[in-house]
Protein chains: 2
Amino acid sequence: MDSSQLLKGVLDLAVLAVLDGQDSYGYDVVRRLREAGLDDVGDASVYGTLRRLFKAGALTSYVVASDEGPHRKYYGLNDVGRSLLSDSARTWTSFAATMDGLLKEVGAG
Amino acid sequence: MDSSQLLKGVLDLAVLAVLDGQDSYGYDVVRRLREAGLDDVGDASVYGTLRRLFKAGALTSYVVASDEGPHRKYYGLNDVGRSLLSDSARTWTSFAATMDGLLKEVGAG
DNA sequence: TGCCACTATTGCGCATTGCACAGTACTGTG
DNA sequence: CACAGTACTGTGCAATGCGCAATAGTGGCA
């Protein structure tokens with residue numbers, strides 16, 4: 001089954017979680033998400049999400065030069081972002097519990 | 001936070017889970033999902049999902065007259081639907097575990 | 001020198017899908 | 001007859017993940 005639709009609305013949360021505690025840039029966020037198990041996440045999705053969160057005022061942003069390639073645009077959580085992260089995490093946990101409840105009945109008629 | 005995006009790709013699974021073990025019709029599926037905790041699920045979403053799953057060959061369908069209102073269009077799982085249900089459930093469980101893993105690091109970064 | 005791979009970001013347009021809203025229609029109550 | 005509850009259909013919109021192309025810097029290799 002295609003898991004891409006599962007990311008809808010959750011990618012924001014995943015990106016915020018990755019940025020929590022340590023600033024990072026798009027290319028690296030993609031790498032970290034894939035290592036975490038989100039194998040199929042598209043790079044354009046992550047860049048888009050970062051831009052959207054920044055535009056929404058949840059992230060700070062600054063550019064850093066790199067010796068190994070082009071410049072990197074770092075993003076970090078601000079207060080809005082941290083607040084959004086905890087709210088989203090709570091919403092996700094609750095939602096996941098509801099789904100688990102629905103699935104528990106499967107096969108039990 | 002708006003949880004509507006969280007449903008993306010998961011509503012199929014939720015509907016399949018509700019139909020597992022007992023045939024049902026749209027209006028009742030909506031009611032059951034809301035009782036299960038998916039308070040905000042829209043009726044048009046459920047009807048659309050049922051139609052889509054039927055069109056995809058995962059559901060059987062038959063009409064039953066009702067004494068309390070208009071006819072009811074019942075849906076039930078066939079082999080394709082049951083297979084889709086178990087596959088989707090597995091995908092969901094795995095995905096949810098990945099997300100939980102990402103969130104576990106929050107605050108510990 | 002020229003070609004290629006890896007790194008890194010942006011922008012365009014598309015596909016999927018949940019939802020609001022309107023319309024149709026049947027039953028029962030006042 | 002108006003209205004509420006039940007029940008389904010269709011239209012069009014909004015959100016968002018993704019494929020793909022373009023741009024651009026660094027370094028290796030023939």
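First the proteins, then the strands, lettered A, B, ... as listed; each starts at 1. Just so it is clear, the values below take in all heavy atoms, side chains as well, and ignore hydrogens, waters and symmetry mates.
Using a 4.0 Å heavy-atom criterion, one finds that A:Gly42 contacts the sugar-phosphate atoms exclusively. Within 4.0 Å of B:Asp28, counting heavy atoms only, lies no atom of the nucleic acid at all.
Rounded to an integer number of Å, the gap from CZ of A:Arg72 to P of C:dC6 is 16 Å. Rounded to a whole Å, the CG atom of A:Asp12 is 6 Å from the P atom of D:dT16. The distance from atom OH of A:Tyr75 to atom P of C:dA8 is 14 Å, rounded to the nearest whole Å. Between A:Leu13 atom CG and D:dA15 atom P the separation is 19 Å, expressed in whole Å. Atom P of nucleotide C:dT17 and atom CG of B:Leu6 are separated by 16 Å, given to the nearest angstrom. The separation between A:Lys55 atom NZ and D:dA15 atom C1' is 13 Å, rounded to whole Å. To the nearest angstrom, C1' of C:dG18 lies 13 Å from CG of B:Leu33. Per the geometry, CG belonging to B:Leu38 stands 17 Å off P belonging to C:dT17, to the nearest Å.
For A:Ser83 (side chain) and A:Asp79 (main-chain N/O), no donor-acceptor pair under 3.5 Å exists by modelled atom type.
Considering only side-chain atoms of B:Tyr25, the nucleotide from C:dA20, D:dT16, D:dA7 that sits closest is D:dA7. Each of D:dT6, D:dT9, C:dT7 was ranked by its minimum atom distance to the side chain of A:Pro70; first place goes to C:dT7. For B:Arg31, whose side chain is taken as the heavy atoms from C-beta onward, the closest listed nucleotide among C:dT17, D:dG17, D:dT6 is D:dT6. Side-chain proximity of B:Lys73 to D:dT9, C:dG11, C:dT7: nearest is D:dT9. Distances from the side chain of A:Thr49 to the nucleotides C:dT16, D:dG17, C:dC19 place D:dG17 closest.
For the OP1/OP2 pair of D:dC8 and a distance below 4.0 Å, the side-chain nitrogens and oxygens of B:Tyr47 include at least one atom meeting the criterion. Between B:Tyr27 and D:dT6, a side-chain N or O to OP1/OP2 separation shorter than 4.0 Å is present. For C:dT9, the OP1/OP2 oxygens have no side-chain nitrogen or oxygen of A:Arg51 closer than 4.0 Å. Taking only side-chain nitrogens and oxygens, A:Ser66 never comes nearer than 4.0 Å to OP1 or OP2 of D:dG25. An OP1 or OP2 oxygen of D:dA15 is reached within less than 4.0 angstrom by no side-chain nitrogen or oxygen of A:Arg52.
B:Tyr47 and B:Leu59 end up in different hydrophobic clusters when Ile, Leu, Val, Met, Phe, Trp and Tyr side chains are linked at under 4.5 Å.
You'll find the side chain of A:Tyr25 stays beyond 4.5 Å of the side chain of A:Tyr75, heavy atoms only. A heavy-atom distance below 4.5 Å is not found between the side chains of A:Val64 and A:Lys73. The shortest side-chain heavy-atom distance between A:Leu38 and B:Leu102 falls under the 4.5 Å cut-off.
For the residue pair B:Asp23 / B:Tyr62, a side-chain donor-acceptor distance below 3.5 Å is found, with atom types taken as modelled.
Between A:Leu11 and A:Asp43, the residue anchored closer to the 5' end of DNA chain D is A:Leu11, taking for each the nucleotide with the nearest heavy atom. Between B:Val41 and B:Asp67, it is B:Val41 whose nearest contact on DNA chain C lies nearer the 5' terminus. Toward the 5′ end of DNA chain D lies the nearest nucleotide of B:Gly26, the other residue of the pair B:Gly26 and A:Glu68 mapping further downstream. Nearer to the 5' terminus of DNA chain C, by closest-nucleotide assignment, is the contact made by A:His71 (compared with the other of A:Ala44 and A:His71).
B:Lys8 contributes a side-chain N or O that forms a donor-acceptor pair with the base of C:dT17 under 3.5 Å.
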